[in-house]
Amino acid sequence: MRLFKLNTTLHKWLSLFVGLQLLIWLGTGLYFNLMDHSKASGNELRVHSHHEGNITDFIFTPIKDITSEAPQEVKLIWILHQPYYHFVFDKGQHSYQERHSKLFDAVTGKPFNLSEEQVLTLAKNSYSGEGKLATPVLSQPPFSDHVRQQNPMWQVVVEDENNTTIYLDSITGQVLRHANDDFRLKDLMMKLHFMDYGNSGGFNHWLIIAFAFATLFLSVTGVTWLIQQYQNGLLKLSWGSNRQKVSVTFSNENTIADVSADANSTVLEGLASSHVYLSSSCGGGGTCGKCMFLSSTQLPITLSEQEHLSDEQLKEGYRLGCQHRFSEVSSIEVNTDLNIEYHELVVVATNFITPFIKELKFKVKSGKRLAFKAGAYMQFEVPAGMNSLRPDDIPENYEKYWESYSHGRFSHDGVIRHYSLVNFDEESDELTFNIRWQTAKDGFRAGIGSSYLSSLQVGETITAKGPFSDFYATSNKKVRRIFIGAGSGLAPLRAIIFEQLKKHHFQGDMTLIYGARTEEHLLYRDELNSLSEQNKNFSYIPTLSNPSEQWEGHSGYVQQVLLNHLVKGIQAFSTEFYLCGPEAMMSEVEQIITDVGIPSNQIFKDKFSR
């Protein structure tokens, strides 16, 4: 299994490495097809200049009379119509490779070096633009505009719109290159295209070789992964499309129905095609671990299932709907409702109940009253558009909390967001939600879903699917229940507590430990205090991380209060824990209660991140 995980991990990272370079190749290749080749050459303002003179006008000194070490090669060259001998003592195969040479005046036979004035004249003669040429500078390699050049060059900067620079041979004054911004852009694209990130000036370098091996390993790990998938029964070859009928037990309703779907679709997709929706916030990517079902047949275990499901759940037969084909199962059990529908909801009330949390109440536009278990959530479809960075209707007493947040708007492409219901189905014909406005600072945008829903006005509508019930109280009436939440995570906990006391008349002990920042951040404080006074079996323990001096209750985080509570002793096998709040808080709380021996099947979590 470790080798399998190593293979898939290696394949994913290689895919990222190779994929990024493929995108660069596509982008730079498109540039090469669309670029103006004349401009990209850098020679748009370069002209040919003629410097030869009449050989009969000069009396030349014989080469043998020139005092010098023996050259490999001698050439007669002309510079500004004057003749010179070019003695080359040592050179490479290519002109850019390191070379040792000297000039001698062909008339006097004396050594000769170019002056700055002569170089400037040669540069001017090769340039047809109107820019002003600066004083020449004799520069040593390396050169950013000519990375392969290994010999010194005269560099003449031109003050023009395209930032032209003229490069000349340090010995002969030959114009070697005109470089400008168009040329430099093309040079950058060449560097990206040939992966020349080390500025070698070519494509025969170690990175290209490493990339070739990476591509080879990508292919090998890909084929290995396919073989492993096939051996584990996760890859089946089929010709054409066929449908598979699966018997589905709905544990929420204790009903059974046959669902028919394409055998090649995943369980998640197959059920959805028949309007049976498993919970999923990643859309089937295997990263959220929420589309769980119970299989009557033994199915292979995937890496995603190992990551998201406990050992007990895997032994019992629980799997993820996005990880298995419909053709692999014959009968399954799901924890969802049959016929979950889309609903158009109308806003009937909207009100800030803490500095950052709004209470929104909806009614179903069709008038239908929805039945659901307390703790359920709905999936909202937020359309693309422009949202505000902060609310426009902040109550005066909450303004102090928003002073550091700027006004403004941001665009988005639309998202799907899930929010838990605050109430239970028989409490009211309204659907109540707590929406915490996810704030934005330093130019970042606010939460898309929270800013959109919190900006809705009474009478406006939004489409939502659900309710989904995968977090609710068990039917065990003899257990003790401890609810732990923070911030807007109180919503499903409040719904369950009220449902248990008011609808099911639960007689067991219930305790709610709820964390907030200050007194003003406590949700439903009076309502929960009143409920506690009316029901002796319910205890409400609020705790504040930043209380005022007048606060007489608990202070600190819920984890600290829970630890003090656990010291009093609990019966591990007759206590259930229900958690909802920020991910970090939930992880710490889960660690605390598992450390005191609470089995994982007695811990129920409503993940805040969905």
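Numbering starts at 1 and runs along the sequence shown.
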Checklist entry - Is there a side-chain hydrogen bond (donor to acceptor under 3.5 Å, both in side chains) between T172 and H86 once you walk through the steps? => result CA-CA 8 Å; T172 66; H86 185 204; 6.0 Å; no
Item to check | Steps toward side chain to side chain contact (heavy atoms under 4.5 Å, CB included) verdict (I416, H418) | outcome: CA-CA 7 Å; I416 300 293; H418 305 85; 4.3 Å; yes
Using modelled atom types and a 3.5 Å cut-off, is there a donor and acceptor pairing between side-chain atoms of [X] and backbone atoms of [Y]?
| X | Y | value |
| --- | --- | --- |
| Q457 | S455 | yes |
| S545 | Y557 | no |
| E269 | S265 | no |
| Q438 | S451 | no |
| H94 | Y96 | no |
| Q21 | L192 | yes |
| S327 | N264 | no |

Heavy-atom neighbours of [X] [atom1] exceed 12 at 6.0 Å:
| X | atom1 | result |
| --- | --- | --- |
| D57 | CG | yes |
| K465 | NZ | yes |
| N54 | CG | yes |
| E161 | CD | no |
| F213 | CZ | no |
| I59 | CD1 | no |
| N204 | CG | no |
| W78 | CH2 | yes |

Checklist entry - Taking 4.0 angstrom as the limit, do E98 and K91 come out as a salt bridge? => result no
Checklist entry - Is it true that K124 and E130 have a side-chain N and a carboxylate O under 4.0 angstrom from each other? => result no
Next on the checklist: Once you measure the plane-to-plane angle for H100 and F89, does it fall in the parallel (<30°), tilted (30-60°) or perpendicular (>60°) bin?
Outcome noted: tilted
Contact check, side chains of [X] and [Y], non-hydrogen atoms, under 4.5 Å:
| X | Y | result |
| --- | --- | --- |
| L278 | M292 | no |
| I435 | S450 | yes |
| L26 | L30 | no |
| F143 | R148 | no |
| W437 | I357 | no |
| D105 | Y85 | no |
| M195 | W25 | yes |
| D262 | F326 | no |

In Å, rounded to the nearest 0.5 Å, how long is the span from [atom1] of [X] to [atom2] of [Y]?
| X | Y | atom1 | atom2 | value |
| --- | --- | --- | --- | --- |
| D392 | S454 | CG | OG | 11.5 Å |
| E117 | L122 | CD | CG | 11.5 Å |
| R99 | I171 | CZ | CD1 | 7.0 Å |
| S420 | M378 | OG | CE | 11.5 Å |
| F410 | S388 | CZ | OG | 8.0 Å |
| F112 | K110 | CZ | NZ | 13.0 Å |

Can you give me the closest heavy-atom contact between [X] and [Y], atom names plus distance?
| X | Y | answer |
| --- | --- | --- |
| W402 | R390 | O-NH1, 3.1 Å |
| G42 | F183 | CA-CB, 3.8 Å |
| L314 | R319 | O-NH1, 3.2 Å |
| A106 | L76 | CB-CD1, 4.1 Å |
| Q155 | S139 | OE1-OG, 3.2 Å |
| L114 | D169 | CD1-O, 4.3 Å |

Is there a donor-acceptor contact under 3.5 Å linking the side chains of [X] and [Y]?
| X | Y | answer |
| --- | --- | --- |
| T164 | N162 | no |
| T266 | H324 | no |
| D160 | Y127 | yes |
| Q559 | E588 | yes |
| Q118 | T121 | no |
| T463 | E381 | no |
| S38 | E44 | no |
| T165 | R184 | yes |
| N163 | D181 | yes |

Checklist entry - Checking side chain to side chain contact (heavy atoms under 4.5 Å, CB included) for the pair L389/S406: CA distance, chi angles, key distance, verdict? => result CA-CA 7 Å; L389 289 174; S406 59; 4.3 Å; yes
Checklist entry - Between H193 and F32, does a ring-ring contact (aromatic ring centres under 6.0 Å, His included) hold up when you go through it step by step? => result CA-CA 10 Å; H193 196 75; F32 291 137; 5.4 Å; yes
Next on the checklist: I want to know whether Y401 and H521 have ring centres closer than 6.0 Å.
Outcome noted: yes
Item to check | Between F17 and F211, ring centroids under 6.0 Å | outcome: yes
Next on the checklist: Using the side-chain contact (heavy atoms from CB on, under 4.5 Å) definition, which of the options V175, D145, V156 pairs with Y167?
Outcome noted: D145
Checklist entry - For L103 and N113, what are the C-alpha separation, side-chain angles and deciding distance, and is it a side chain to side chain contact (heavy atoms under 4.5 Å, CB included)? => result CA-CA 7 Å; L103 281 186; N113 293 312; over 6 Å; no
Checklist entry - What's the verdict on side chain to side chain contact (heavy atoms under 4.5 Å, CB included) for S170 and N151, showing C-alpha distance, side-chain angles and the deciding distance? => result CA-CA 8 Å; S170 62; N151 298 299; 5.5 Å; no
Next on the checklist: Walk me through whether F104 and Y84 qualify under ring-ring contact (aromatic ring centres under 6.0 Å, His included).
Outcome noted: CA-CA 6 Å; F104 293 90; Y84 299 93; over 10 Å; no
